[in-house]
Amino acid sequence: VMGNSSEFQKAVKLVIDTVSFDKDSTVQVFEATIRVLGSLLSAHIIITDTKQPFGDMSIKDYDNELLHMARDLAVRLLPAFENTKTGIPYPRVNLKKGVPPDSNNETCTAGAGSLLVEFGILSRLLGDSTFEWVARRAVKALWNLRSNNTGLLGNVVNIQTGHWVGRQSGLGAGSDSFYEYLLKSYILFGEKEDLEMFNDAYRNIQNHLRRGREACNEGEGDPPLYVNVNMFTGQLMNTWIDSLQAFFPGLQVLIGDVEDAICLHAFYYAIWKRYGALPERYNWQLQAPDVPFYPLRPELVESTYLLYQATKNPFYLHVGMDILQSLEKYTKAKCGYATLHHVVEKTKEDRMESFFLSETCKYLYLLFDEENPLHKSGNKYMFTTEGHVVSVDERFRNSLWQDILPGEEDNAEKAKPNDLKAVNFSSNCNRVPDERRYLLPLKSNYMRQIDQMVGLI
Ligand code: DMJ
């Protein structure tokens, strides 16, 4: 659909004509938000963009139908934020009946704390603070539950008592997008408190989760790796890393920590080379998969794309090509692409997740499409955690409401659009120097070290 206006228009019309949320079905709040709400908002933003950088994506007689649908869906998700003592939402909600009576009181940090981008955009487009207010309250509640000792958050929490049920602090499943959305909320809305939380979190991650040598491309010691630790003590909890954590180098690119991103990405790419896919969990001590399936996840491609944008080093095109070839070789099926049940045996499952199209394919496509308006139009864009494109523009910088969002009681400062350069734009970005562009991003001895560590050589 990207770059093809008639396909885009057809898809939008189909959605408007056929989709209804008035259904007796129970959904995960997080999944419904990032996948459905996010795509409705992204399409609405593209349709109503006055500059139309992607070609003519306008829809004749468009009457904000997608925005109304987005609101309808979000209203149906709101019961998840009621009757919770902490303000952290229930993980599941029935679109017709609200929170099911037997509902689980436990939720993961990422699921409850990564709703702010979509809910914030919706609020700012509608001029109705309700959605941003509940999402922001959830982030704050989780943030306030971080350990006094390490500053880290766990991965599963009880929404009524605020007790951590899962004390694992890591960057993968259950935590990943919480960190991603602290930074992306700041990039989009310019609320300084989001950046402050992100900077704090990033510092604590570096202090407690990062192992290995200090600098990626110099010095002695193991390659840098981010491990899973106990949130209260900082002690190692296990010896696996998961496939979801491969998003982190991409996030590091956004804040300008390109050098560190290069190393972590190289580690994941070595695992990919060994299996032609990423196992869901890889045990770095045993040099073997702990959980061997690969559901076509996007994170490594996402980081590859962002590292290519930051460095323009053709090495990342080579990585993309390699990934593409293994997807074709091992996952292609008659009617689509299939989840790998086992990355060693290459057996398949009859399952293709929606993120394969919205992220894995999109990032691969964009990696090779140098001329895409996303890269060339001079406008600024950001991807939601589900790969939906949103423009970083003035209309999300203003809250049209008068009431106070949680945390604004003390007149929290708002960044002006120009302050964005404080986070990630080229002047401040720790860019790889031009003369290194055609060299390996990581010195060959360090590459070899990583290949050895994952049993490639
Ligand atoms: C995607 O749905 C999102 O990126 C989410 O934040 C976690 N990862 C999955 C795909 O692996």
Side-chain angles (χ1 to χ4, degrees), residues 27-42 89 91-92 107-121 135 138-139 142 153 155-156 166 168 170-185 187-188 198 201 226 240-254 265 268 271-272 277-282 289 291-306 323 327 331 336-340 343 349 351-364 366 382-390:
V27 299
Q28 298 232 355
V29 175
F30 174 63
E31 309 274 329
T33 300
I34 63 168
R35 297 186 181 176
V36 187
L37 188 60
S39 58
L40 291 170
L41 292 169
S42 170
R92 294 165 75 81
T107 187
C108 72
T109 305
S114 324
L115 307 164
L116 187 51
V117 166
E118 288 81 2
F119 275 50
I121 293 175
V139 174
L142 284 163
L153 287 83
N155 56 347
V156 183
Q168 177 176 301
L171 299 176
S175 301
D176 49 357
S177 51
F178 177 78
Y179 302 111
E180 178 185 352
Y181 268 21
L182 288 179
L183 183 64
K184 290 190 173 175
S185 297
I187 292 173
L188 209 53
F198 177 81
Y226 292 81
W240 50 259
I241 49 174
D242 67 13
S243 159
L244 286 150
Q245 198 209 94
F247 89 101
F248 197 68
L251 189 65
Q252 293 187 298
V253 166
L254 294 192
H265 174 275
Y268 275 98
I271 304 174
W272 183 283
L278 280 187
E280 188 69 353
R281 279 186 195 168
Y282 174 80
V291 178
F293 69 90
Y294 171 62
L296 305 168
R297 287 198 191 280
E299 287 75 10
L300 180 61
V301 190
E302 175 184 357
S303 290
T304 305
Y305 163 68
L306 289 163
I323 293 175
L327 287 173
T331 72
Y337 289 78
T339 291
L340 279 186
V343 295
E349 282 178 33
R351 187 158 69 102
M352 185 179 103
E353 300 279 352
S354 64
F355 50 68
F356 176 67
L357 288 177
S358 74
E359 295 189 76
T360 315
C361 291
K362 189 185 290 163
Y363 289 124
L364 269 175
L366 288 172
M382 197 186 80
F383 296 94
T384 68
T385 190
E386 197 68 4
H388 302 302
V389 176
V390 290

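Residue numbers run from 1 in the order of the sequence given. Atoms within each ligand, like the ligands themselves, are counted from 1 in listed order.
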Could you tell me, for ligand 1, which of its N or O atoms are under 3.5 Å from any protein N or O, listing the pairs and their distances rounded to 0.1 Å?
residue, atom, partner, partner atom, Å
ligand 1, 2 (O), R35, NH2, 3.4
ligand 1, 2 (O), E386, OE1, 2.5
ligand 1, 4 (O), E359, OE2, 3.2
ligand 1, 4 (O), T385, O, 2.6
ligand 1, 4 (O), T385, OG1, 3.4
ligand 1, 6 (O), T385, OG1, 2.7
ligand 1, 8 (N), E299, OE2, 3.0
ligand 1, 11 (O), R297, NH1, 2.7
ligand 1, 11 (O), E299, OE1, 3.4
ligand 1, 11 (O), E299, OE2, 2.7

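- Every residue two or more places apart in sequence or in another chain that forms a ring-ring contact (aromatic ring centres under 6.0 Å, His included) with H265 is listed here: Y316.
- By the 4.0 Å N-to-carboxylate-O rule, E359 lies too far from R297 to be salt-bridged with it.
- Contacts of Y294 classified as ring-ring contact (aromatic ring centres under 6.0 Å, His included), with partners at least two apart in sequence or in another chain: W272.
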(message) Applying side-chain contact (heavy atoms from CB on, under 4.5 Å) to L327 and L364, what does each step give before you reach the verdict?
(response) CA-CA 11 Å; L327 287 173; L364 269 175; 3.8 Å; yes
For residues 110-120, which side-chain N or O atoms pair as donor and acceptor with protein atoms under 3.5 Å away, sequence neighbours left out?
residue, atom, partner, partner atom, Å
S114, OG, A110, O, 2.6
S114, OG, S177, O, 3.4
S114, OG, S177, OG, 2.9
S114, OG, F178, N, 3.2
E118, OE1, Y181, OH, 3.4
E118, OE2, Y181, OH, 2.7

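- Between F356 and Y337, the ring-plane angle classifies as tilted under the 30° and 60° cut-offs.
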